[in-house]
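What's counted below: heavy atoms across the whole structure, side chains too, no hydrogens, waters or symmetry copies. Along the sequence shown, the residues carry numbers beginning at 1.
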Amino acid sequence: MKKKTLTLSEALKKGENLLRESKVPNARLDAFSLLSFTTQITRTNYYLEPNKELTLAEEHAYWKRIKQRAKRIPLQHITGEQEFMGYTFKVNDKVLIPRQDTEVLVEEALSVLTGSEKILDMCTGSGCIIISLYKLLEEKGLKPEGSFTAVDISKEALKVARENAKRLEAKVTFIESNLFENITDKYDMIVSNPPYIQTKEIEALEAEVKLYDPALALDGGADGLDFYRQIIRDGKKYLNKDGYLLLEIGYDEAEEVMNLLKEENYSKIYMKKDLSGLDRIVGGQLQ
């Protein structure tokens with residue numbers, strides 16, 4: 001006799017209960033995301049067929065993933081992917097998971113790009129910023145005729161970024177470098193989402209971030225500004241005249257970062273908020 005497996009609704013309830021017991025935020029949403037990822041069921045089809053049984057293989061796979069999430073392993077590390085700017089990026093524990101806040105940086109860059117510029121993405125991680133810029137310029141009909149270059153100190157991160165560029169058919173050059181150490185060219189725009197969390201604050205982060213995001217992508221030094229100082233100071237050597245420097249910042253760092261830009265004689269310095277109303281982007285131009 002065939003062994004009865006869980007129905008979709010039973011699996012969702014069981015998964016949600018375990019995640020709630022483990023104090024996972026958004027337990028129902030994550031339980032459904034893992035159910036959908038495992039069975040390829042859409043939300044509409046779930047409501048049409050809540051009593052559809054999982055296969056035995058699906059049940060085993062789903063329960064394995066739920067147990068991983070209960071250990072606070074990020075959902076994106078379990079599925080191996082994250083949506084960003086409408087594209088699906090491969091992610092793992094070697095790169096920072098792309099976050100919606102960073103989409104503001106991409107949108108700000110797009111507002112001034114024409115497709116002919118030379119762009120450098122510093123601390124690229126998964127490559128989500130530079131690859132999205134390439135793809136979105138393409139979608140806007142602005143053929144990306146400039147150059148797209150991305151830098152990271154981590155070999156493992158660059159491996160992920162290169163795979164994302166290949167999957168999404170984006171022509172990006174990747175360079176392993178400690179910031180500008182191996183950079184020789186000049187650019188019309190430098191974008192960066194550098195590490196900006198104060199060292200003392202890392203222990204207070206959610207378990208998903210503290211335990212599973214790479215420390216290299218988080219720690220911005222004692223005051224969180226170490227990378228901004230270096231990128232703002234040294235970036236001047238690698239920007240063309242009137243070139244843009246656009247930086248994602250922590251919600252409470254705008255004033256300090258804008259002052260750093262002023263000290264290095266950038267012009268047209270400004271700040272832009274994210275959709276939550278928090279300070280998110282600081283930008284300026286090289287005179």
Side-chain angles (χ1 to χ4, degrees), residues 82-89 96-151 161 164-165 168-173 183 185-194 196 227-228 231-232 235-236 238-262 264-287:
Q82 170 67 9
E83 293 292 316
F84 182 82
M85 296 301 300
Y87 305 105
T88 300
F89 287 85
L96 192 70
I97 296 167
R99 287 160 169 85
Q100 188 176 19
D101 295 338
T102 306
E103 294 188 350
V104 183
L105 177 59
V106 174
E107 290 164 355
E108 189 63 19
L110 280 173
S111 71
V112 297
L113 290 173
T114 65
S116 62
E117 295 87 355
K118 296 171 69 174
I119 308 167
L120 176 67
D121 177 17
M122 184 60 65
C123 309
T124 193
S126 66
C128 65
I129 294 171
I130 194 77
I131 293 169
S132 294
L133 287 173
Y134 183 96
K135 298 299 293 182
L136 289 165
L137 284 167
E138 208 172 37
E139 281 188 19
K140 287 172 71 173
L142 301 171
K143 187 178 178 183
E145 295 176 339
S147 67
F148 295 74
T149 304
V151 168
N164 281 323
L168 290 167
E169 299 181 327
K171 296 175 183 177
V172 179
T173 299
I183 300 301
D185 213 341
K186 283 198 169 189
Y187 299 87
D188 301 303
M189 178 181 284
I190 297 174
V191 294
S192 184
N193 176 21
Y196 57 70
F227 285 86
Y228 295 108
I231 292 170
I232 290 169
K236 293 191 298 184
Y238 302 95
L239 272 174
N240 290 320
K241 188 176 184 302
D242 296 324
Y244 289 87
L245 176 60
L246 300 179
L247 302 163
E248 180 172 341
I249 58 167
Y251 72 94
D252 58 352
E253 295 175 330
E255 184 177 352
E256 291 92 338
V257 175
M258 291 174 80
N259 283 336
L260 290 172
L261 285 164
K262 288 174 187 173
E264 294 294 340
N265 297 314
Y266 286 80
S267 65
K268 299 180 181 177
I269 299 165
Y270 69 99
M271 180 274 294
K272 187 171 180 114
K273 294 181 182 291
D274 61 23
L275 293 175
S276 301
L278 299 175
D279 299 349
R280 186 57 57 192
I281 306 300
V282 164
Q285 281 182 275
L286 188 67
Q287 293 181 325

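Counting only distance, with no hydrogens or angles, the side chain of Glu264 and the backbone of Leu261 share no donor-acceptor pair below 3.5 Å. Between the side chain of Asn164 and the backbone N or O of Ser126 there is at least one donor-acceptor pair closer than 3.5 Å.
Surrounding OH of Tyr251 are at most 12 heavy atoms belonging to other residues, nucleotides or ligands under 6.0 Å away. Heavy-atom contacts from other residues, nucleotides or ligands closer than 6.0 Å to CD of Glu83 number more than 12. Around the CD atom of Glu107, the shell of radius 6.0 Å holds more than 12 heavy atoms that belong to other residues, nucleotides or ligands. For Glu139, the CD atom counts as densely surrounded, since its 6.0 Å shell holds more than 12 non-hydrogen atoms of other residues, nucleotides or ligands. Heavy-atom neighbours of Lys135 NZ from other residues, nucleotides or ligands within 6.0 Å: above the threshold of 12.
Here the CG atom belonging to Asp121 is positioned 7.5 Å from the SG atom belonging to Cys128, to the nearest 0.5 angstrom. Note that CD of Glu117 and CD of Glu145 are 10.5 Å apart. Values are rounded to the nearest 0.5 Å. With rounding to the nearest 0.5 angstrom, the CG atom of Leu136 is 10.5 Å from the CG atom of Leu142. Here the CG atom belonging to Leu110 is positioned 11.0 Å from the CD atom belonging to Glu103, to the nearest 0.5 angstrom. A distance of 4.5 Å separates CD in Glu108 from NZ in Lys272, rounded to the nearest 0.5 Å. Taking CE from Met122 and CG from Asn193, the interatomic distance works out to 13.0 Å, rounded to the nearest 0.5 Å.
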Would Asp252 and Leu278 count as a side chain to side chain contact (heavy atoms under 4.5 Å, CB included) here? Give the steps.
CA-CA 8 Å; Asp252 58 352; Leu278 299 175; over 6 Å; no

Does Tyr228 form a side chain to side chain contact (heavy atoms under 4.5 Å, CB included) with Glu256? I'd like the steps, not just the answer.
CA-CA 10 Å; Tyr228 295 108; Glu256 291 92 338; over 6 Å; no

Apply side chain to side chain contact (heavy atoms under 4.5 Å, CB included) to residues Tyr244 and Val112 and explain how you reach the verdict.
CA-CA 9 Å; Tyr244 289 87; Val112 297; 4.0 Å; yes

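Using a 4.5 Å cut-off on side-chain heavy atoms (C-beta onward), Lys118 and Lys186 make no contact. Inter-residue side-chain proximity for Glu248 and Asp101 is flagged as met; some heavy-atom pair is nearer than 4.5 Å. Met189 has its side chain within reach of Leu246: a pair of non-hydrogen atoms, C-beta onward, lies under 4.5 Å apart. Using a 4.5 Å heavy-atom threshold, the side chains of Leu239 and Leu120 count as separate. Side-chain contact between Val151 and Thr124: absent, with no pair of heavy atoms (C-beta onward) separated by less than 4.5 Å. Considering only heavy atoms from C-beta on, Asp188 stays 4.5 Å or farther from Ile119 through its side chain.
Of all non-hydrogen atoms in Ser132 and Tyr87, the two that sit nearest each other are OG-CD1, 4.1 Å. Across every non-hydrogen atom of Tyr266 and Gly235, the tightest pair is OH-C, 3.9 Å. When all heavy atoms are compared, the tightest approach of Leu105 to Ile129 is CD2-CD1, 3.7 Å. Contact detail for Asp279 and Ala254: the closest heavy-atom pair is OD2-CB, 3.5 Å. Between Pro194 and Phe227, the shortest heavy-atom contact is CB-CB, 3.7 Å. Leu137 and Pro144 get closest at one heavy-atom pair: CB-CG, 4.3 Å.
Using modelled atom types, one finds no donor on one side chain facing an acceptor on the other under 3.5 Å when comparing Ser147 with Thr149.
Aromatic ring centres of Phe148 and Tyr134 lie closer together than 6.0 Å.
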Could you go through residues 280-287 and list every donor-acceptor pair under 3.5 Å that involves a side-chain atom there, pairing it with any protein atom two or more places apart or in another chain?
{"from": "Arg280", "atom 1": "NE", "to": "Asp274", "atom 2": "OD2", "distance (Å)": "3.1"}
{"from": "Arg280", "atom 1": "NH1", "to": "Tyr196", "atom 2": "OH", "distance (Å)": "3.4"}
{"from": "Arg280", "atom 1": "NH1", "to": "Ile249", "atom 2": "O", "distance (Å)": "3.1"}
{"from": "Arg280", "atom 1": "NH2", "to": "Asp274", "atom 2": "OD2", "distance (Å)": "3.1"}
{"from": "Gln285", "atom 1": "NE2", "to": "Asp242", "atom 2": "O", "distance (Å)": "2.8"}

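With sequence neighbours left out, the side-chain contact (heavy atoms from CB on, under 4.5 Å) criterion links Ala165 to Ile131, Phe174. Partners of Phe84 according to the ring pair (Phe, Tyr, Trp, His ring centres under 6.0 Å) rule, which considers only residues two or more places apart in sequence or in another chain, do not exist here.
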